[in-house]
Amino acid sequence: MIFGEELQKVAKILKESDYTIALTGAGISVPSGIPDFRSPGTGLWEKADPAKVGSIWGFMSNPKRFYNWIAPLVEKILQAEPNPAHLALTELQKMGLLREIITQNIDFLHEKAGSTDIIHLHGDISSGVCTGCGEEFPSDDFWPEVLNGEVPACPQCNNVVKPNVVLFGEPLPPGVLTQTWKAAEKAEAIIVVGSSLEVTPASNLPKVVHSNLGKVIIFNLGQTTSDPIAHVKITGDASEHLPRLIKVLKN
Ligand code: NAD
């Protein structure tokens, strides 16, 4: 079978590791119909520059442009269901072979797949905050307005509401960073799924595990910046290969 030997190697690493974590990026949700930022042809980078439109400065200077850009992504996220890659990670947790899932994604597909111990490095779209008075709002209060082409405003002070996702140029929430580094320091292995590893600090996680003599396993359609330190690299669709790994582990 194609990749059979590599998947056997991954299975061996997972069985020998006492602490394995996963890092997921936009690519794991592509088979669920949510486009990533960098894949050729479908990537959102090609339609607009997220570093500009999706930055905190881009948001504050032109919230209408930001919401017009993010609305199609949010619409897809709200409709999406987990795919076999998300379900395979849940299965690994149930088998006692995987601890934290650290995700760069702002969707909830790991939650929908029944996973636990999920760390959202970049926040998620389930809530928002007023940029004026700091009032918090659940997503039901403002995404319907955004999907109708409006810019959501705070009912108390009329300032614009910002979704609780980490925009380019914004710091990561300190609690989330601490949880992430604690997990990475303990990890004897890391499985990276669907991330180009071009965005820090997530891109540093495989390096931390590697420098502690842990094993780095990468599932990705294309290249990643940590390919040179990967013990096993499975190139292809993670929604096909991760379920194969479960079969190998159960045989
Ligand atoms: P990225 O766009 O930089 O990289 C995605 C990677 O996934 C690419 O290397 C691509 O080759 C790979 N890929 C695509 N389809 C795949 C598949 N079926 N199987 C395996 N690999 C596949 O994404 P990133 O590194 O996660 O970083 C971009 C940022 O974009 C993140 O911070 C994230 O917050 C945000 N984002 C999130 C979502 C989401 O929540 N689903 C969607 C788009 C962007």
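These numbers come from the heavy atoms of this one structure, side chains and all, not from hydrogens, waters or symmetry mates. As the structure lists them, so they are numbered: ligands from 1, and atoms in each ligand from 1.
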Return a table of donor-acceptor pairs under 3.5 angstrom between the side chains of residues 138-154 and protein atoms on other chains or two or more places apart.
{"residue": "S139", "atom": "OG", "partner": "S126", "partner atom": "O", "Å": "3.4"}
{"residue": "W143", "atom": "NE1", "partner": "I125", "partner atom": "O", "Å": "2.7"}

Has ligand 1 got any nitrogen or oxygen that is less than 3.5 angstrom from a nitrogen or oxygen of [X]?
| X | answer |
| --- | --- |
| L73 | no |
| I34 | no |
| I77 | no |
| I106 | yes |
| S239 | no |

Looking at ligand 1, would [X] count as a contact under a 4.0 Å heavy-atom criterion?
| X | result |
| --- | --- |
| P31 | yes |
| G236 | yes |
| P35 | yes |
| E198 | no |

Counting heavy atoms not belonging to K76, are there more than 12 under 6.0 Å from its NZ?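 12 or below, so no.
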Nearest atoms (heavy-atom pairs only) where [X] meets [Y]:
| X | Y | result |
| --- | --- | --- |
| L109 | A80 | CD2-O, 3.6 Å |
| Q104 | G25 | OE1-CA, 3.8 Å |
| A238 | P243 | O-CD, 3.7 Å |

N220, L109, L221: member with heavy atom nearest to atom 12 (C) of ligand 1: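 It is N220 that holds the nearest heavy atom.
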Where the closest heavy atom to atom 38 (C) of ligand 1 is concerned, which of A85, S195, A26 has it?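 Minimum heavy-atom distance to atom 38 (C) of ligand 1 goes to A26.
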May I ask you to decide if V248's main-chain N or O and N251's side chain share a donor-acceptor pair within less than 3.5 Å?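 No; judged by distance alone, with no hydrogens or angles, the pair does not exist.
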Hey, which of I218, L92, V10 is the one that makes side-chain contact (heavy atoms from CB on, under 4.5 Å) with I191?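 It is L92; the other options fail the test.
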Please tabulate, for side-chain N and O atoms in residues 175-188, each donor-acceptor pair with protein atoms closer than 3.5 Å (sequence neighbours left out).
{"residue": "T178", "atom": "OG1", "partner": "P174", "partner atom": "O", "Å": "2.9"}
{"residue": "T180", "atom": "OG1", "partner": "V176", "partner atom": "O", "Å": "2.7"}
{"residue": "E185", "atom": "OE1", "partner": "N212", "partner atom": "ND2", "Å": "3.0"}
{"residue": "E188", "atom": "OE1", "partner": "D18", "partner atom": "N", "Å": "2.9"}

